[in-house]
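One structure is given here, and the rest of the page talks about it.
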Amino acid sequence: MAAPPQLRGLLLAVNALLRKRRYHAALAVLKGFRNGAVYGAKIRAPHALVMTFLFRSGSLQEKLRAILKATYIHSSNLACFVFTYKGLCALQSHLQGETHPVHSFLAGFIGGLLVFRENNNINSQINMYLLSRVLFALCRLGVEKGYIPEPKWDPFPLFTALVWGLVLWLFEYHRPTLQPSLQSSMTYLYEDSNVWHDISDFLIYNKSRPSE
């Protein structure tokens with residue numbers, strides 16, 4: 001069925017507006033908000049689904065509510081951050097007449113302070129995810145710029161051993177310092193595997209099912 005003339009006219013007008021270069025910066029901010037919301041939902045929903053059903057107790061309704069809440073927080077925060085970052089970058093470029101590298105840092109700094117400042121589980125996970133990649137990237141940049149001598153051997157095995165040694169030491173002796181979801185994962189792997197009663201909770205279930 002063909003679209004009504006009014007709708008076709010509206011779509012033509014919207015498409016014409018979207019192609020105008022003078023509005024590109026503002027429209028990029030809006031699309032950034034859209035992409036942030038979609039990406040946040042795609043990332044958080046599967047993660048929240050798995051972690052909730054693996055480690056969270058409660059009714060099905062409570063679990064679904066927790067999944068939706070986590071997905072909404074991640075999606076809305078990321079959407080707001082992209083909107084803020086792109087808006088501040090565009091504003092700085094407009095005021096100075098050109099783009100400078102410091103614009104990205106300042107926009108990201110202000111956006112992070114405004115959007116991700118609350119110390120909750122989701123923001124902690126996002127920031128820790130970024131921190132590991134930032135440290136990797138800064139090391140590579142340091143090598144590229146000559147600030148760090150290029151290693152003559154691959155340091156990755158040593159890095160891996162150090163990370164796993166530290167995380168298991170923290171888990172065994174300073175567990176509260178670790179993020180809750182990591183504590184849950186490691187408890188499942190390293191503690192629950194020490195306990196069983198029969199074949200059912202040795203191979204089939206993690207823990208024995210309550211008797212009927």
Side-chain angles (χ1 to χ4, degrees), residues 35-36 39-57 66-67 69-71 73-82 84-85 101-196 201-203 205-207:
N35 283 8
Y39 186 80
K42 285 183 175 181
I43 292 296
R44 178 55 55 174
H47 178 271
L49 178 68
V50 171
M51 296 302 290
T52 298
F53 279 95
L54 273 179
F55 301 117
R56 191 184 182 98
S57 59
I67 293 168
K69 181 180 179 181
T71 302
I73 292 174
H74 194 145
S75 177
S76 61
N77 280 4
L78 197 55
C80 290
F81 177 82
V82 177
T84 303
Y85 171 78
V102 72
H103 291 173
S104 293
F105 175 80
L106 291 175
F109 182 91
I110 295 171
L113 189 63
L114 293 175
V115 178
F116 292 110
R117 64 187 301 162
E118 183 180 347
N119 188 5
N120 57 46
N121 289 341
I122 293 175
N123 287 347
S124 294
Q125 289 171 1
I126 294 171
N127 289 331
M128 285 187 289
Y129 174 90
L130 289 176
L131 177 61
S132 62
R133 282 147 180 80
V134 166
L135 293 176
F136 257 75
L138 287 176
C139 291
R140 289 170 177 156
L141 183 62
V143 171
E144 286 180 12
K145 298 293 184 181
Y147 303 134
I148 301 174
E150 186 166 1
K152 295 179 173 58
W153 46 274
D154 184 4
F156 190 79
L158 179 60
F159 162 78
T160 298
L162 184 62
V163 167
W164 282 96
L166 285 172
V167 75
L168 266 301
W169 173 72
L170 288 169
F171 175 71
E172 296 288 358
Y173 298 104
H174 303 280
R175 188 172 307 184
T177 62
L178 295 176
Q179 203 270 341
S181 66
L182 180 57
Q183 291 184 44
S184 298
S185 299
M186 298 188 78
T187 298
Y188 181 87
L189 292 170
Y190 303 109
E191 286 195 347
D192 292 355
S193 56
N194 290 332
V195 180
W196 62 88
D201 59 356
F202 186 79
L203 286 181
Y205 305 107
N206 176 45
K207 295 181 179 180

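Each residue takes its place number in the sequence, starting with 1. Note that the structure is a prediction, hence the values are computed from the model and not measured.
- In the displayed structure, Phe53 atom CZ is contacted under 6.0 Å by more than 12 heavy atoms of other residues, nucleotides or ligands.
- Side-chain contact between Val82 and Asn35 is absent, with no heavy atoms from C-beta onward closer than 4.5 Å.
- Here CD1 of Ile43 is found 7.0 Å from OH of Tyr129. Values are rounded to the nearest 0.5 Å.
- A pairwise comparison of heavy atoms in Thr84 and Gly111 identifies CG2-CA, 3.9 Å as the closest pair.
- A pairwise comparison of heavy atoms in Gln183 and Phe171 identifies O-CE1, 4.0 Å as the closest pair.
- Closest approach of Met186 and Leu178 over heavy atoms only: SD-CD1, 4.3 Å.
- Judged by distance alone, with hydrogens and angles left aside, the side-chain atoms of Gln179 form a donor-acceptor pair with the main-chain N or O of Ser181 at under 3.5 Å.
- Atom CD1 in Ile126 sits 6.5 Å away from atom CG in Leu78 (nearest 0.5 Å).
- Although no hydrogens or angles enter the test, the distance criterion places no donor-acceptor pair under 3.5 Å between the side chain of Thr52 and the main chain of Leu49.
- Relative orientation of the Phe81 and Tyr85 rings is parallel, given thresholds of 30° and 60° on the angle between their planes.
- With rounding to the nearest 0.5 angstrom, the CZ atom of Arg175 is 10.5 Å from the OG1 atom of Thr177.
- Taking 4.5 Å as the limit, some side-chain heavy atom of Val167 sits within range of a side-chain heavy atom of Leu182.
- Here the shortest heavy-atom pairing between Asn127 and Phe116 reads ND2-O, 4.2 Å.
- When all heavy atoms of Ile67 and Ala45 are compared, the pair lying nearest together is CG2-O, 4.4 Å.
- With respect to His74, the side chain to side chain donor-acceptor pair (under 3.5 Å) criterion is satisfied by exactly one of Gln125, Arg44, Lys69: Arg44.
- Of the inter-residue distances, the one linking Tyr188 atom OH with Ser193 atom OG reads 9.5 Å to the nearest 0.5 angstrom.
- The CG atom of Asp192 sits 10.0 Å away from atom OG of Ser184, with the distance rounded to the nearest 0.5 Å.
- The nearest pair of heavy atoms linking Ala48 to Ala70 is CB-CB, 4.2 Å.
- No cation-pi contact links Arg140 to Phe136, judged by a cut-off of 6.0 Å to the six-membered ring centre and 45° from its axis.
- Going from atom NE2 of His174 over to atom CG of Leu166 covers 11.0 Å, rounded to the nearest 0.5 Å.
- A perpendicular orientation is assigned to the rings of Trp196 and Phe202, their planes being inclined by more than 60° (bins at 30° and 60°).
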